[in-house]
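Convention: sequence-line order gives letters A, B, ...; per-chain numbering from 1.
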Amino acid sequence: MLSPESLKKIDHEIAKYPIDKKQSAVMSALAIAQDEKGWLANETMNFVAKYLGMPPIAVYEVATFYNMYNLEPLGEYKITVCTNLPCALSGGNDVANYVKKKLSIGFNQTTADGKFTLKEGECMGACGDAPVLLVNNKRMCSFMTNDMIDQLLEELSK
Amino acid sequence: MINIEIDGQQVSVPKGGTVMDGAKELGIYIPHFCYHKKLSIAANCRMCLVQVEKAPKPLPACATPVMEGMKVFTRSDQAITAQKGVMEFLLINHPLDCPICDQGGECQLQDLAVGYGAGQSRYTEAKRVVVNKNFGPLISTDMTRCIHCTRCVRFGQEIAGIMELGMAGRGEHAEILSFVGNSVDSELSGNMIDLCPVGALVSKPFRYSARTWELSRRKSISPHCGLGSNLVVQVKHNRVMRVLPRENEAINECWLSDKDRFSYEGLNSEDRLTKPMIKRDSQWQECDWQDALEFAVHGIKTVKEKYGAGKIGALTSPHSTIEELYLLQKLIRALGSENIDHRLRQSDFRLDSQLQGIPWLGTSIAAISELKSVLIVGSTLRKDHPLIAQRIRQAVKRGLQLNIVNPIGDDLLTDVTNEVIVAPNALVTTMAEILKAVTVIKNLQVADELKEVISAVKVTDIAHKIATSLLQENPAAIYLGNMAQHHPDYTDILVLVQHIAEAAEAQFGMLGEAANSLGAYLAGAVPGQVESAGLNAAQMLGNDLKRTSAPCQGYILMNMEPEYDSHNSQQALKVLKDAEFVISMSSYKGTASTYADVILPIAPFTETSGTYINTEGRVQSFNGVVSPLGETRPAWKVLRVLGNLLEFNGFDYEASEQVRAEIIPEEKDINGRLNNKLKSFVISVTDQSNTNLQRIGEVPIYQSDPIVRRAESLQVTSDAATPRAWMCSALLDKLNISAGDKVKVKQDQGEARLYAACDDRLPPDCVRVVSAHSDTIALGAMFGEILVEKL
Amino acid sequence: MTQFTQTLLAGVDSSDAENWQLKNYARRSGYSAIRKILSNKISPDSVIEEVKKSALRGRGGAGFPTGLKWSFMPKQYEGDKYIVCNSDEGEPGTFKDRDIMRHNPHILIEGMIIAAYAMGVKVGYNYIHGEIWDTYERMEEAVEEARAAGYLGNNILGSNFSFNLYNHHGYGAYICGEETALLESIEGKKGQPRFKPPFPANYGLYGKPTTINNTETFASVPWIILNGGEQYLKLGKPNNGGTKLFSVSGHVNKPGNYEIPMGTPFATLLEMAGGMRGGKKLKACIPGGSSMPVLPGEIMMQTDMDYDSIAKAGSMLGSGAVIIMDETTCMVKALERLSYFYFEESCGQCTPCREGTGWLYRIVNRIEHGKGLMEDLDLLDNIADNIQGRTICALGDAAAMPVRAMIQHFRNEFIYHIEHKKCMV
């Protein structure tokens, strides 16, 4: 179900917690599974539940509570733009609108080629670097301008 | 105790108690939704906000611990403002569909909205709509009505022991659901319906069939397992529409098993008999009672004349009332026979001559909650006694050590301290190992009659652990489940349990299989032992290897369906078909026409008065809640008339209470008659060299008695799934069978075709094939040799 | 430009890619506080005393005295105890903990080691905000370095003291910044706050006694141990000891983190942040993160940056996130975005917050889009009133306070929106 590399990473996370508290690793296990699969299918969550000895519904609760989990297939690159107030004061909405225009999609939409999905994000804890956007939950891009967005999209389109 | 003041009244609350506890003590009602006395405190609905002196903001009564001198105001301006504010929030997204909501009239939100809601809503935005869910055949949902109190979720986690529902998403988008639309399969699931304060979870079988105010509420007692759960049966137009729990902390608490709750559908089954029937010249015909009874009397007299009274036998289900059981035994004894039994699935009757009293639980049901160590032997506990399993689950949380000796490793949804899963024919050895461990630890002499068996076994590590648990943790108890009681070595197991219990100063007893497993003994529905030995159920049904010839020629059956209710269905059906004359007193047509000569329609428990004595010896009488269907008659009346027609003395009862008074006179205490101890019994070492496959053939939860077998909704739950031949993977490999293959399962002359399935918690060389199911009734004994072939 | 003593980021050079590493932290006298404690055999109680003397108050938002919190941990408790670092920095406007972790991670680790020593704790967790993956990775590396160097693990520096530290990565839920939600989250559950009492000091992570502090709080401890609590207190003002990182965002020329002593005038901080962008006029400021009441610019300019002064001005210091808004800012739109945030981030367990945050947002959204009614203003105020103080955690309050303050200070703007169905700015 998951690759040996992913399982190794999950095991590393499990080891952080007391032996009878494997459930503590569910957030990272889901994140690792998502990194491998791109999104969390029901069977993936079921697998994680079995792996950690949790009721599947408890895994589902977690997966639906934290908003960085993808519960449906998305484009290859998920671009999340922060539009919260501090970012908005420094052009967060302009960045979002520029990306929308460039990709011809709105929030929660995926480009026809399956390359990009655009999401509206909440505070990423990087307001000083506004405007910021996040690529696939991990790569944070700061002080975004239209030129930088052009560059980024070009790089990711390759 | 902590002294506080609520609304000017003084109250003392134990340390750690809450404001809600104090208010309840005073009889002050504080509105609430998420709070429930049996569930953990969530404090999420916020309806119970009250004013507490010196607190800067209102506090939830359910979660606020009492502190000395605390002054609480539940109706002050601050409290009422807070409560009204919460009510407004609860209502803004709640649909205004009360007229079509099943909860209407028994809805806590509706009730409280009257007191705390505003006449008009200030909310002008669009209301939330939640996609509806399917939780299976028992629970109907309308999740837009959900107020997110999470009682159902907490019930699953805490009481049922399995989290099947959760609250997914967050904020306004949070919703209660199961994982990918799974059904809710807990055997206690119906309690979620009771717990739901709104119409989000309602009963699917009951849905849209009546309004709560149209129903009359009548007290009754559950006819299923030995617990004797207290019921409220709700009736409309002389039909049972719904069954709810009647709270009794000592028995079912505020819960019901799904079996107790939903089996009522079987009462309204198409298969109900409404008229007596007789078989004349090989032709079945409906007739009036007079004809039927005369036909029956004639038939039984003929058998007596032809073969003697000793060739007449009576077999009754232990789900009958004591009045019915008593009159049946009175009738059979008046006929001159001692052949009567209710222990239809028992196979080992060697203990009969050794019994010193009536077998019973050995403790009260409530005492289970206080135990520190328990050993359960041979039981599909969750399925046979769902609420005892629940009680144990709660006790485990308080430190009870749960020890298991069982042929199957089903998940009890609680922590098990020690567990031995062994083949049925190794149960005796395992118990002997535990006894030996106890004697070694306590340095005790072994009773002479046990020396042989004790010297033949070694103390295993796990036996030592179980013995230690029973010895060190007090109070302790050992209970024998249905499988132990049906086991061919029941007597040996019981003797060993008795000695273990005595050495460990523990209580021991039986988990009563049926509503009247205990009452049937008291009513005398067991064969005579002393003056003239009667035939027991096994002998009457030809399941006793020592007697091969047809045991009886005339049978009176009461509430019994031989193919489902006997230890060996194949054999039982054959014996009855071969008999000359069979009277079947039953509520259902079933297949009685294939073996009976006269069929008398008798009332189920809802249509007659009667008494059940539960497994702890509690006498619980009830009245009929509806009048008998068609020409159905209460069995005690039928037996009275049969006695009269046979011109026996002492059958002139006016009321069932008179029968009861004869069984249990007012002044007589039945507790003195309860005793699980056997006089003395020599255990022989069983031969375990037999390497043939063994059957593990327990009774599935919804096949236990005629009523539940006809409860339509229960019959489509996952617990009623098609039987499979379960084996561990080693055995599957050995037989070259894969899980999912169709296999032929054979016992004696019978066979069944089933799909193979894998369960690595089963002992080696064992095949778990349930009994009492239409797919497996062609097979033989519940335990014993079995063959499996790949098709 | 004024130069202040720094306790958190002294000597830190974020332009140097290796500056964060242990060897460089050690050069900045890093890990000498824990060395001092262990070699001088300073008792745990003395450590707590020193922290009490410093008047260090929780830097996460609530401002609870740190030394006092530490003294709540049951000393005689036999079983496991935990310390947890709250690095789930998601309060809009706040980005200080991220800079501590990515530029000076070892100061946090050392602070946690000292805290663990003081409270007799063997295991700690650092819960890191979901969106800052690179910072999480940085912390993972730093913890490995510290472990390899013998600062984490068994018998630290040859003493009897053992402590292990693990990073836990969040995954996008603002509510996990609430300490009990954070504990639930570490336990592998939804981040739903717990009702208190019991408090974490008695019933925390896995039901064990637990102390939770903010990243900046822990990171302030090494300096206090090295220089003494009194010295730290002197950096700030009475009851408001030490220095603090302020995250300045919005309409300024140089948004970023500024470490200044408590009690520094707001005007000085604004000057450090390069002043107003484009020379525009300061209209409003949220001085403590988005949950705190907004204050008009003229009030802010008279205020000092410490707990007590800002409280006096009618808001709260909170997490020290200073959101600057100039005269072009539409306050209705600003409130709409913040209301959406709380609506989006409500965990959903308490009725007033679950149902009320959506209601607030929808009304503000209507007003912003020209569909507001005059009675909406009182309705908003009343709904906020019905949420505030009625929920398990402070998210309800956080959703309510901005609404009430915005309407209080900028009522005319809301009325203009309703009357003219458009913005006045």
Side-chain angles (χ1 to χ4, degrees), chain B residues 16 18 32-34 40-49 55-60 62-65 67 78-79 81-94 109 121-128 146-150 153 157 163 166-176, chain C residues 172-176 181 189-199 340-366 371-373 375-376 378-380 382-397 399-400:
Chain B
T18 63
H32 59 269
F33 295 104
C34 69
S40 65
I41 291 165
N44 61 29
C45 79
R46 316 306 286 174
M47 193 64 211
C48 69
L49 290 173
K57 51 186 187 178
L59 298 175
C62 70
T64 302
M67 307 232 269
Q78 192 203 62
T81 305
Q83 292 163 7
K84 285 189 167 173
V86 172
M87 177 52 78
E88 179 177 40
F89 286 130
L90 283 169
L91 291 177
I92 61 170
N93 276 310
H94 191 81
L109 186 66
S121 176
R122 299 193 289 173
Y123 187 74
T124 54
E125 324 300 323
K127 281 189 180 242
R128 173 175 59 222
C146 175
I147 58 165
H148 305 85
C149 70
T150 67
V153 177
Q157 291 172 309
M163 186 183 180
M167 190 164 90
R170 69 186 190 205
E172 204 185 274
H173 310 296
E175 52 183 313
I176 302 290
Chain C
Y174 165 69
I175 190 60
C176 291
K189 302 174 196 162
K190 291 180 291 181
Q192 291 192 330
R194 301 173 181 170
F195 182 81
K196 290 154 277 192
F199 291 93
Y340 179 78
F341 172 68
Y342 293 107
F343 162 55
E344 177 66 26
E345 297 291 344
S346 167
C347 84
Q349 67 173 334
C350 297
T351 305
C353 178
R354 180 186 63 243
E355 308 293 342
T357 51
W359 196 0
L360 287 177
Y361 164 67
R362 289 187 178 98
I363 295 173
V364 179
N365 176 271
R366 268 199 291 113
K371 291 175 186 164
L373 305 168
E375 54 263 38
D376 282 340
D378 288 342
L379 181 58
L380 278 175
N382 187 248
I383 296 169
D385 209 22
N386 278 340
I387 299 174
Q388 198 171 340
R390 308 271 170 83
T391 52
I392 287 176
C393 81
L395 194 139
D397 301 354

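- Residue C:Arg194 does not touch chain B at all, counting heavy-atom pairs closer than 4.5 Å.
- B:Gln83 places a side-chain N or O within 3.5 Å of a backbone atom of B:Leu49 that can act as its donor or acceptor partner.
- The backbone N or O of C:Glu344 lies less than 3.5 Å from a partner atom in the side chain of B:Arg170, making a donor-acceptor pair.
- Of the atoms belonging to B:Met47, not a single heavy atom falls under 4.5 Å from chain C.
- Note: C:Tyr174 and C:Tyr342 have perpendicular aromatic rings, judged against thresholds of 30 and 60 degrees for the angle between ring planes.
- With chain C as partner, the option from B:Arg122, B:Met167, B:His173 having the largest number of non-hydrogen pairs under 4.5 angstrom is B:Arg122.
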Verify side chain to side chain contact (heavy atoms under 4.5 Å, CB included) between B:Glu88 and C:Trp359, making sure each step is shown before the conclusion.
-> CA-CA 11 Å; B:Glu88 179 177 40; C:Trp359 196 0; 3.4 Å; yes

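- Both the backbone and the side chain of C:Glu345 come within less than 4.5 Å of a heavy atom in chain B.
- Each of B:Gly85, B:Ala174, B:Cys45, B:Cys149 has some count of heavy-atom pairs under 4.5 Å with chain C, and the biggest count is that of B:Cys45.
- In terms of modelled atom types and a separation under 3.5 Å, the side chain of C:Gln349 and the main chain of C:Pro193 share a donor-acceptor contact.
- For C:Ile175, no part lies near chain B; criterion is any non-hydrogen pair under 4.5 Å.
- Proximity to chain C involves both the backbone and the side chain of B:Pro58, based on heavy atoms less than 4.5 angstrom apart.
- Of the listed residues C:Asn382, C:Thr357, C:Asp385, the one with more heavy-atom pairs under 4.5 angstrom with chain B than any other is C:Asn382.
- Side-chain atoms of C:Asp376 never come within 3.5 Å of backbone atoms of C:Ile363 as a donor-acceptor pair (strictly under, hydrogens ignored).
- For chain C, the option among B:Ala42, B:Gly171, B:Ala126, B:Ala168 with the highest count of heavy-atom pairs below 4.5 Å is B:Gly171.
- With a 4.5 angstrom heavy-atom cutoff, B:Leu90 touches chain C via backbone and side-chain atoms both.
- Judged by distance alone, the side chain of B:Lys127 and the main-chain N or O of B:His94 form a donor-acceptor pair under 3.5 Å.
- If you measure heavy-atom distances from B:Thr150 to chain C, you find no contacts under 4.5 Å at all.
- With a threshold of 4.5 angstrom between heavy atoms, C:Gln388 does not approach chain B through any atom at all.
- Contact annotation for B:Glu172: both backbone and side-chain heavy atoms come within less than 4.5 Å of a heavy atom of chain C.
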Check the pair B:Asn44, B:His148 against side chain to side chain contact (heavy atoms under 4.5 Å, CB included), reporting the backbone distance first and the verdict last.
-> CA-CA 8 Å; B:Asn44 61 29; B:His148 305 85; over 6 Å; no

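- Side-chain N or O atoms of B:His32 include none that pairs as donor or acceptor with a backbone N or O of B:Cys62 at under 3.5 Å.
- With a 4.5 angstrom heavy-atom cutoff, C:Leu395 does not touch chain B via any of its atoms.
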